**Q** 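Here's a structure for you.
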Amino acid sequence: MSLNAAPSWEFSSASGRDNYEKALEDYPGQAIVDLAALKGNMEEMVRRVGESGSGAQVMGVVKADAYGHGLIPAALAALAGGATWLGTAQPREALRLRREGIGPDRCRILTWIYNVDKAPLDDLIRADIDLAVGSLHIVDRVGEAARRVGVPARVHVKVDTGFGRNGFTPQSFDSALDVLGPLAAEGTLDVVGLFSHLAVADMPDVPDFVASTDAQIACFEDFDRRMTDAGMKPRIRHLANTAATLNRPEIHYELTRPGIALYGYEPDPSMGRSADYGLTPAMTLQAQLSTVKDLEAGHGISYGRTYLTSADTSTAIMPLGYADGIHRSASGFDAQGSTGTTHRGGPVRLMTKQGPRLVRVSGRVCMDQCILDLEGKASTMGVQEGDTVVLFGPGRGEGFCEPTADDWARAAGTISYEIFTCLRNRIPRLYLHVPEVINPEDMHLLDPASIL
Ligand SMILES: *Cc1c(COP(=O)(O)O)cnc(C)c1O
């Protein structure tokens with residue numbers, strides 16, 4: 001009987017259980033995504049936006065394969081939770097959503113990053129996908145495509161209010177309006193919206209950052225005025241990411257664009273825990289242990305000997321590595337190791353006969369595996385090869401020792417966003433609570449083998 005540090009998963013049917021068993025045969029690690037959590041997180045964002053009284057709609061940002069959670073399942077869960085827009089950075093993902101059956105009758109889709117000389121603009125316009133336009137060159141190309149297709153292109157004017165990324169600057173905006181005006185007047189472009197992105201809304205406790213967000217908002221409103229004065233009053237203004245959707249209700253305008261909240265995380269741990277916002281992390285990453293063995297004190301662990309066992313102990317192989325997207329920066333060093341410095345490796349929830357324990361990546365993360373110092377005898381703990389461990393999950397309760405992606409982000413010196421989006425697709429994605437969230441007529445859009 002192997003020990004299991006993961007929750008006992010609720011399978012929707014016997015075939016769900018079979019799919020789980022097959023996934024375990026296929027690969028020693030699995031990313032299990034709870035669609036009910038995704039839907040509930042979107043409902044929570046929609047509820048909050050409703051409370052602000054703005055009447056704003058909510059876009060589920062599903063770029064980068066829905067932050068690694070799987071584009072189609074996450075998009076359907078977002079729609080089930082009340083999103084009326086979906087957003088992808090890359091046009092390919094926007095087109096895929098439309099192609100797989102999420103038509104214009106179901107939601108609007110906005111896409112915002114492309115090499116405009118090569119992107120399939122005609123297909124995007126035909127698929128009724130809204131396009132971000134943030135440079136004169138992009139406006140020209142989108143205008144040409146709209147003429148070719150014979151349908152007005154729906155565009156959102158992207159402006160740089162201080163982020164320093166895409167969009168027209170205040171200085172370049174007059175020339176943008178000069179070009180946009182005639183294209184709108186002749187019906188080549190349907191200038192739907194105005195949008196921008198915030199740089200520091202995720203740190204509402206830092207006064208300088210609050211002032212900086214205030215300045216971005218003032219700048220945005222100035223752009224809005226200039227468009228209105230030029231006869232192109234934007235119908236849909238949007239500025240709020242997750243952070244601003246949560247803590248700046250006054251700037252919900254007509255649409256907000258939360259991403260990370262959909263997946264159950266707050267944008268920055270300094271904002272508190274996701275549970276404080278009624279959000280539930282949707283993904284659990286688990287793995288089945290490979291070799292478990294005893295080692296004597298002073299034994300080097302992994303490349304570079306950055307970690308030496310401090311006592312007689314047991315180790316276990318956790319068979320996911322940097323080729324799976326486990327950050328090498330989440331390696332563990334101890335003071336006896338070759339660097340002479342201590343760095344706490346990524347945390348892993350391990351089940352023992354005595355209850356759950358947190359152990360850590362010890363030594364360097366390898367390509368396909370990491371080593372865990374169990375800090376004790378595996379035989380005493382009852383830990384064996386094949387036991388299931390959890391790298392991160394929803395972070396259930398205090399005594400549970402369940403890490404979240406925020407804990408991995410801390411260990412790796414990054415943010416939760418990068419923890420998910422780096423997970424490679426060789427790790428199977430499996431979905432919980434599918435029948436509760438996905439309409440029967442959409443069920444065929446999911447890979448049947450992915451349904452638990
Ligand atoms: C990624 C992204 C978002 C969502 O940001 P979160 O911090 O995940 O809420 C919103 N808007 C744009 C333009 C983005 O690129």
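For ligands, and for the atoms within them, numbers begin at 1 and follow the listed sequence. Model, not experiment: these values are computed from the prediction.
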**Q** For the pair D123 and R92, find out whether any cationic side-chain nitrogen is under 4.0 Å from an anionic carboxylate oxygen.
**A**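 Not counted as a salt bridge, because no side-chain N and carboxylate O are separated by less than 4.0 Å.
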**Q** By number and element, which atoms of ligand 1 are closer than 4.0 Å to a non-hydrogen atom of I260?
**A**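 Counting from 1, the qualifying ligand atoms are 6 (P), 8 (O), 9 (O).
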**Q** Where is the tightest heavy-atom contact between L71 and E93, given as atom of each residue plus distance?
**A** CD2-O, 3.8 Å
**Q** Please answer whether the main-chain N or O of G264 pairs with a side-chain N or O of T280 as donor and acceptor at a distance below 3.5 Å.
**A**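 Absent.
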**Q** Regarding ligand 1, does A243 bring an N or O atom to under 3.5 Å of one of the ligand's N or O atoms?
**A**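 Not met; the criterion fails.
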**Q** At their closest point, which heavy atom of W85 faces which heavy atom of I109, and how far apart are they?
**A**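 Smallest interatomic distance, heavy atoms only, reads CE3-N, 4.5 Å.
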**Q** Under 3.5 Å, N or O to N or O, is K158 touching ligand 1 that way?
**A** no
**Q** Of all the heavy atoms in E266, does at least one lie under 4.0 Å from an atom in ligand 1?
**A** no
**Q** Of all the atoms in ligand 1, which lie at a distance below 4.0 Å from a heavy atom belonging to R165?
**A** 15 (O)
**Q** Out of all atoms in ligand 1, which are within 4.0 Å of some heavy atom of N241? Include the element for each.
**A** 5 (O), 9 (O)
**Q** Using heavy-atom distances only, which candidate in M45, H197, M59, K63 approaches atom 1 (C) of ligand 1 most closely?
**A** K63
**Q** F195 to ligand 1: N or O pair under 3.5 Å?
**A**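 Checking ligand 1 against F195, no N or O pair falls under 3.5 Å apart.
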**Q** Out of R349, R360, R410, which residue meets the side chain to side chain contact (heavy atoms under 4.5 Å, CB included) rule with P403?
**A** R349
**Q** So for P258, does at least one of its heavy atoms come nearer than 4.0 angstrom to any atom of ligand 1?
**A**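 Per 4.0 Å heavy-atom rule, P258 contacts ligand 1.
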**Q** Can you tell which of W112, F163, Y417 gets a heavy atom nearest to atom 13 (C) of ligand 1?
**A**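 Minimum heavy-atom distance to atom 13 (C) of ligand 1 goes to W112.
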**Q** Please step through ring-ring contact (aromatic ring centres under 6.0 Å, His included) for the pair F420 and Y263, ending with a clear verdict.
**A** CA-CA 10 Å; F420 314 123; Y263 311 100; 7.1 Å; no
**Q** Assess the side chains of Q30 and W9: does a donor N or O sit below 3.5 Å from an acceptor N or O?
**A**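 Looking only at side-chain atoms, W9 and Q30 do not form any donor-acceptor pair under 3.5 Å.
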**Q** Counting from 1, what ligand 1 atoms have a heavy atom of Y67 closer than 4.0 Å?
**A** 1 (C), 4 (C), 5 (O), 6 (P), 8 (O)
